[in-house]
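I have placed the structure first, in the form of structure tokens, so that the comments after it can refer back to it.
Chain letters run A, B, ... following the sequence lines, proteins first and then strands; every chain starts at 1.
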Amino acid sequence: MRLLLIHAIMAAFLTYFAFQHAITGGMPYTAISATLLFAAVMFILWLSTYFYRRTYFHKLPKLLYFILFFIKELLVANLKIAYDIITPHFRIQPTVMAYPLTAKTDLEISLLANLLGLTPGTLSIDVSEDRSTLFVHTLYLKHGDVQHLKQHIKNGYERRILELTA
Amino acid sequence: MSIFQITLIVGIVMQSVCLLLTAIRFAIGPTLPDRVTAFDLFVANVIGIIVIFTELTNNEDFIDVAMILSLFGFLGSISFAYYIMRITK
Amino acid sequence: METSIDWELVREIISCVFILAGACFMLIASIGLLRFPDFYIRMSAITKGSTLGLGLILMGMAIYFNQPGVLLKVLAIITFTYVTAPVAAHVIGRTAVQNGIAFWGKTNLEEFKGYLMKHRLERHTNQDRYTEEVPPAMMEKDGGAGDAAGKV
């Protein structure tokens, strides 16, 4: 996590100096070229971590895959709710479920609660005092089954967060 | 006036309709947290209007306004929430 | 060099598509704010729709300007919005639960009963139509806020 921040700042400064001193050789100073150069510098730095930080080398692709998965979930849930708002009848079935947490530390629990809060259709209400359950307000249930949704959260979000923060 | 500018003006009009609907919820909202939610949506809509206006006038200095407004919107809703929590205890 | 003129047009078209999509999401969110029956459903459905719409509009602007400084500012705004929106939603939602804002009548509260019993909130829940009740303590303690909540 800290290494990622250091690498991002380094890559940003390198990109800036490359454009400032015209090392790039006639490349136009636009957002697209700057982003491409930034990504290239980050890629080289990521390859270099193979020699001194093996865990980071394996975690960064997982992080990218997790971000893509999350954007997909966000779009699908938003379109579902938009369809429900436009059509005259609601298909919602609101439920407050007690989700058993596997995550233990502060960072993991707050990350999971915030990601659930950012997805439409779920709203994390509170964590119980012994930190074993998270109360989540949900709108849609597949086949009227709470366990199905719990399995989806456990396999989709929590497993990946635990892999990333391990 | 090109099609591009017409599209941007249509976007601004849609945002203004959003503001109107949100104002209705702000007026009739049965409880205080409802109004805080409506206030949140207010701020988001105003940021959207500022952003589209920036693109329409082709002057990128207005983005700072949107940045500061997003900061103040978050502070406003959080402080309202704490205020409600303290006032009813 | 007619390609440069062409790129400008492509950028304008992509930016227009992004901005119209974002404005549509925000419009749908505000219609839903009026249509949904319950505070929690509104909270969990609406705030995120407006956040996604705002992100789309900002990305459209970054694509149109195509300058690194503008892109950096836009990314800062998007990151800030996406970090703070769930925090605000969580704080307001928890405050509403602890103040006993009623749930919708059809809400399934099976697994939530223990929590409600613990905080002595069970009498507030599952009223289908709820009215605004201003507790007398609130009116006494702070006149201005009680008036504002009671009048409108």
Side-chain angles (χ1 to χ4, degrees), chain B residues 2-4 6-8 10-15 17-22 24-38 40-41 43-45 47-49 51-52 54-55 58 60 63-64 66-67 69-71 73-78 80-89, chain C residues 12-13 15-16 19-20 22-24 26-27 29-31 33-34 39 42-43 46-47 50-51 53-54 57-58 60-61 64-65 67 69-70 73-74 76-77 80-81 84-85 87-89 91-96 98-102 130-133 135 137-138 141-142 145-146 148-149 152:
Chain B
S2 63
I3 295 179
F4 177 64
I6 292 175
T7 316
L8 291 187
V10 166
I12 289 187
V13 168
M14 284 164 82
Q15 300 279 321
V17 173
C18 288
L19 275 181
L20 211 64
L21 295 176
T22 318
I24 296 174
R25 174 51 77 188
F26 195 84
I28 68 172
T31 56
L32 207 49
D34 272 315
R35 296 195 177 106
V36 179
T37 314
D40 240 5
L41 205 53
V43 176
N45 282 331
I47 293 173
I49 288 179
V51 167
I52 299 178
T54 310
E55 193 166 338
N58 215 340
E60 69 258 24
I63 311 170
D64 301 342
M67 203 185 251
L69 199 59
S70 71
L71 228 159
F74 170 64
L75 281 183
S77 52
I78 285 288
F80 261 119
Y82 272 104
Y83 180 62
I84 298 169
M85 206 192 286
R86 287 185 72 88
I87 205 173
T88 50
K89 280 243 163 110
Chain C
E12 282 186 0
I13 290 171
S15 156
C16 275
I19 283 181
L20 276 186
C24 280
M26 283 184 134
L27 192 61
S30 6
I31 293 173
L33 188 70
L34 283 179
F39 168 71
R42 284 197 282 265
M43 193 77 221
I46 300 316
T47 319
S50 76
T51 313
L54 196 60
I57 290 176
L58 281 164
M61 190 185 69
Y64 172 70
F65 274 109
Q67 297 167 5
V70 176
K73 281 178 189 172
V74 163
I77 300 177
F80 192 76
T81 317
T84 55
V87 176
V91 170
I92 297 172
R94 201 185 57 183
T95 310
Q98 292 190 348
N99 285 337
I101 307 292
Y130 53 92
T131 56
E132 183 168 8
E133 305 172 17
M138 189 165 139
K141 204 185 284 176
D142 195 314
V152 182

| query | How many angstroms lie between atom CD1 of C:Ile77 and atom CE of B:Met67, to the nearest 0.5 angstrom? | reply | 5.0 Å
| Residue pair B:Glu60 / C:Met61, side-chain heavy-atom distance below 4.5 Å | no
| remark: CG of B:Asn58 to CZ of C:Phe65, rounded to nearest 0.5 Å, is 5.0 Å
| field | Rounded distance (nearest 0.5 Å) linking atom CD1 of B:Ile47 with atom CD1 of C:Ile57 | value | 10.0 Å
| Top contributor to chain C interface from B:Ala38, B:Ala44, B:Ala66 [non-hydrogen pairs under 4.5 Å] | B:Ala44
| field | Candidate pair C:Lys73 and B:Asp64, rule side chain to side chain contact (heavy atoms under 4.5 Å, CB included), full reasoning | value | CA-CA 8 Å; C:Lys73 281 178 189 172; B:Asp64 301 342; 3.3 Å; yes
| said: What's the separation between atom OG in C:Ser30 and atom CG in B:Leu19, rounded to the nearest 0.5 Å? | reply: 8.5 Å
| query | Passes side chain to side chain contact (heavy atoms under 4.5 Å, CB included), C:Met26 versus B:Met14? Steps please. | reply | CA-CA 8 Å; C:Met26 283 184 134; B:Met14 284 164 82; over 6 Å; no
| remark: Ranking C:Gln67, C:Met43, C:Glu12 by heavy-atom pairs under 4.5 Å to chain B gives rank one to C:Glu12
| Top contributor to chain B contacts, counting heavy-atom pairs under 4.5 Å, from C:Ile13, C:Thr84, C:Ile19, C:Val87 | C:Thr84
| Largest heavy-atom contact set with chain C, pairs under 4.5 Å, which of B:Thr22, B:Ile63, B:Ile52 | B:Ile63
| query | What are the two closest heavy atoms between C:Ser15 and B:Glu55, and how far apart are they? | reply | OG-OE2, 2.6 Å
| field | Worked check of side chain to side chain contact (heavy atoms under 4.5 Å, CB included) between B:Thr7 and C:Leu20 | value | CA-CA 8 Å; B:Thr7 316; C:Leu20 276 186; 3.7 Å; yes
| So how far is it from B:Arg35 CZ to C:Phe39 CZ, rounded to the nearest 0.5 Å? | 12.0 Å
| task | Enter the distance from B:Leu8:CG to C:Tyr64:OH here, rounded to the nearest 0.5 Å. | result | 8.0 Å
| Non-hydrogen atoms of B:Ser77 and C:Ile92 that approach each other most closely | CB-CD1, 4.3 Å
| field | Identified side-chain contact (heavy atoms from CB on, under 4.5 Å) counterpart of B:Val51 within the set C:Val74, C:Leu54, C:Leu58 | value | C:Leu58
| said: Is it the case that over 12 heavy atoms from other parts of the model lie below 6.0 angstrom from the OH atom of B:Tyr82? | reply: no
| Is it true that atom CZ of B:Phe80 has more than 12 heavy atoms of other residues, nucleotides or ligands lying nearer than 6.0 Å? | no
| Taking the side chain as C-beta and beyond, is there a heavy-atom pair between B:Asp34 and C:Arg42 under 4.5 Å? | yes
| Under a 4.5 Å heavy-atom cut-off, does chain B meet the side chain of C:Ala76, its backbone, both or neither? | side chain
| note | Note: vs chain C, highest number of non-hydrogen pairs under 4.5 angstrom among B:Asp40, B:Thr54, B:Ile24 is B:Thr54
